[in-house]
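Right, one structure below, let's go through it.
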Amino acid sequence: MLTRFFALTLLVAGMAGSSLPAQTASLSIDVDKPTAKVSPMLYGLMTEEINFSYDGGLYGELVRDRAVRQGWGALEHWAVVARGDAEAQISVDGKVGPSAALPRSIKLSATRASEAAPAGLENDGYWGMAARPESTYSGSFYAKSDNAVAVTVSLANDQTGAVAGSATVTGVTGDWKQYTFTLKTGSAPATANNHLILTVAKPATVWFTLISLFPPTYHDRPNGNRIDLMEKLAAMHPHFLRLPGGNYLEGDHIPDRYQWKKTIGPWVDRPTHPSPWSYRSSDGMGLLEFLEWTEDLKIEPVMAVYAGYSMAQEHVDAGEKLEPYVQDALDEIEYVTGGPETKWGAERVKDGHPAAFPLHYVEIGNEDEFDKSGSYDGRYAQFYKAIKQRYPALQVIATTAVKSVKPDVLDEHFYMPAEESFAGAHHYDKTDRNGPKIFVGEWATREGTPTPNLEAALGDAAWMTDLERNSDLVVMASYAPLFVNVNPGGMQWATDLIGYDALTSYGSPSYWAQVMFGSYLGTEVVPATLSDEGPRLFASATRDETRRKLYVKVVNATSEARTVRLVLAGVEKIRPEAKLITLSGKTPNATNSIGDPAAIVPVEQRIRVDGPKFERRFAAYSINVVEMDY
Ligand code: AHR
């Protein structure tokens, strides 16, 4: 009888979901026996235009479809304005535009308009436009008119019509010209329910394009990024930005690929391009803006170059036909790293950035295992040879296994349900060290939508203990996708790290797991061995010998609080005051959202550590970092 009861207790206590007390696990950490250096580039960011990540997301532009673009029949997001007895129409003029890249415009035909009854056009933004109090907005538009007119620009409330800020641009006349203006808002409270209106007060035909309005941006960069989102990225303590994609690099078809040369220079020379994620990219976030983004975060680009494969199974064979693409990649590297004496370095200087950017990693394509023609081996080898010849120090990343040359680094992607993340939490412990270094260029635990829930964060944290333990091999890792605009129609990928609308943003539980792992990371890996671990308990440890800090991560993905006995070997003393940072929730489904942005956030507390052996209770469904001084 007793035996049966005992066996049953053990069985139930080991199961997630049990209400019986779980055993004490022990975690042995050999603080004085580092096994590897932590890769200095371990955690970074992966990005692409998906889920309105840039347009309607990070890129500060408030006006949606600011340029009249190829493929536009009817006007979208633009509507005519005719107050009182004004009479006006707007239409796409496919033959009148300011440049070869933008040969179209919006034609406003105001046949009756006056001060009392102005006529014009309005834009509804990306699900609204944020107007904040006491702020300065920078605007511009390209226009020409058959009759010299003044154009009044106002940021107005959708419900009340109240104007948050307004400016008038005078002397809009004959030839295409860019006009600039500034709007200052008053004390009205912040709201996203706004639209932008441009009006004239006398009859005229006016052609417009590139109508733009920017709020204050991160580091006050012109053409820059949203402050709240950049602050969230900075808090992750990333080391690199993988750009520009993802599928966004490849495009569905070869002409739709990311053509970097069409994304630099003045906006008026950027034709915009179709992205594979169902909407067209403004290319306001062009190559230089990507690089400035890395500069603002003090991180470096990991730059993927188009490698002759697009997703509709279109490819360019290695050899002569691929040469222009290889040359394009070499030009791109020169644009990023070249001095003013080089052709493309000089182009970057002309674009306003004299200093070269740091670059150590270049990736050849994206997910080329999907190219069923088998052409990647030859394509990779051709890029590899050309890049190494000109830039021998660059590390050249392959996106799938190749045979003809040994890649410096291999990019592996993992999108997993939580069970797979838990099961895979020792994946790299077993990986051969004679192969290429690993870049986990895209990965995520996919539970919850539009942003992952706590279950996903637990899976992520379990998975990151593996990345950390094996960071001699895994030199870089980046979660994907990074961003989602949570408005209806904003999302193309169901689990995304950071959500936002026009006004506010929030980090998912998975975001906070990234913040915790990125913020508390030593320079060396030390062995951390769990005994009696049972299912869903994971750990890793790193130390910083210079700062004498030890960071222990414990992930308890079970429904019970777990007591863990930490046994630190090889340290003479431990400072009794330590820090414990915990991310936890009542259920695995618990999550954050735009309406409840801080339901699951890390909580920090001071704890007492009584010598190198101590017990600590880790909450159910929790991710923990213990920071100790030794
Ligand atoms: O992250 C979303 C997509 O997943 C990326 O664009 C692609 O590389 C992967 O298949």
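Every heavy atom of this structure was used, including side-chain atoms; hydrogens, water molecules and symmetry mates were not.
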Would you say the ring centroid of [X] lies under 6.0 angstrom from that of [Y]?
{"X": "Phe483", "Y": "Tyr54", "answer": "no"}
{"X": "His315", "Y": "Phe370", "answer": "no"}
{"X": "Phe439", "Y": "Phe240", "answer": "yes"}
{"X": "Tyr59", "Y": "Phe214", "answer": "yes"}
{"X": "Tyr248", "Y": "Tyr258", "answer": "yes"}

> From Gln514 CD over to Met236 CE, what is the distance, rounded to the nearest 0.5 angstrom?
Replying inline: 4.5 Å

> Pick one: which of Glu367, Met476, Glu363 meets side chain to side chain contact (heavy atoms under 4.5 Å, CB included) with Asp411?
Replying inline: Glu363

> Which residue, Asn485, Thr449, Ile50, forms the side chain to side chain contact (heavy atoms under 4.5 Å, CB included) with Met491?
Replying inline: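 Of Asn485, Thr449, Ile50, side chain to side chain contact (heavy atoms under 4.5 Å, CB included) with Met491 is met by Thr449 alone.
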
>> Checking Lys388 against Asp408 for the salt bridge (charged side-chain N to carboxylate O under 4.0 Å, His left out) test, could you report, in this order, the C-alpha distance in whole Å, the side-chain angles of both residues, the deciding distance, and whether it holds?
In response: CA-CA 11 Å; Lys388 286 285 183 183; Asp408 299 316; 2.8 Å; yes

>> Whether Lys553 engages the ring of Tyr520 as a cation-pi pair (distance to the six-membered ring centre under 6.0 angstrom, angle to the ring normal within 45°) should be assessed.
In response: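 No; the conditions do not both hold, so Lys553 does not lie above the ring face of Tyr520.
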
I'd like to know if [X] and [Y] make a salt bridge, using a cut-off of under 4.0 Å between side-chain N and carboxylate O.
{"X": "Glu442", "Y": "Arg242", "value": "yes"}
{"X": "Arg469", "Y": "Asp466", "value": "yes"}
{"X": "Lys549", "Y": "Asp629", "value": "yes"}

> What's the verdict on salt bridge (charged side-chain N to carboxylate O under 4.0 Å, His left out) for Glu347 and Lys261, showing C-alpha distance, side-chain angles and the deciding distance?
Replying inline: CA-CA 10 Å; Glu347 201 65 28; Lys261 285 177 185 160; over 6 Å; no

> Does the pair Arg548 and Glu545 meet the rule for a salt bridge (charged side-chain N to carboxylate O under 4.0 Å, His left out), with working shown?
Replying inline: CA-CA 5 Å; Arg548 307 287 292 173; Glu545 185 64 353; 3.1 Å; yes

> Have Thr445 and Ser421 got a donor and an acceptor in their side chains that come within less than 3.5 Å?
Replying inline: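 A pair is found: one side chain offers a donor N or O, the other an acceptor, under 3.5 Å apart.
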
> When the ring planes of Trp293 and Phe290 are compared, do they come out parallel, tilted or perpendicular, using 30° and 60° as the limits?
Replying inline: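 Parallel.
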
> Between His426 and Phe538, what is the ring plane arrangement, given parallel below 30°, perpendicular above 60°, and tilted in between?
Replying inline: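 Aromatic pair His426/Phe538 classed tilted.
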
> Can you name the one residue among Lys343, Arg390, Arg348 that meets salt bridge (charged side-chain N to carboxylate O under 4.0 Å, His left out) with Glu334?
Replying inline: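 Result for salt bridge (charged side-chain N to carboxylate O under 4.0 Å, His left out) with Glu334: Arg390.
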
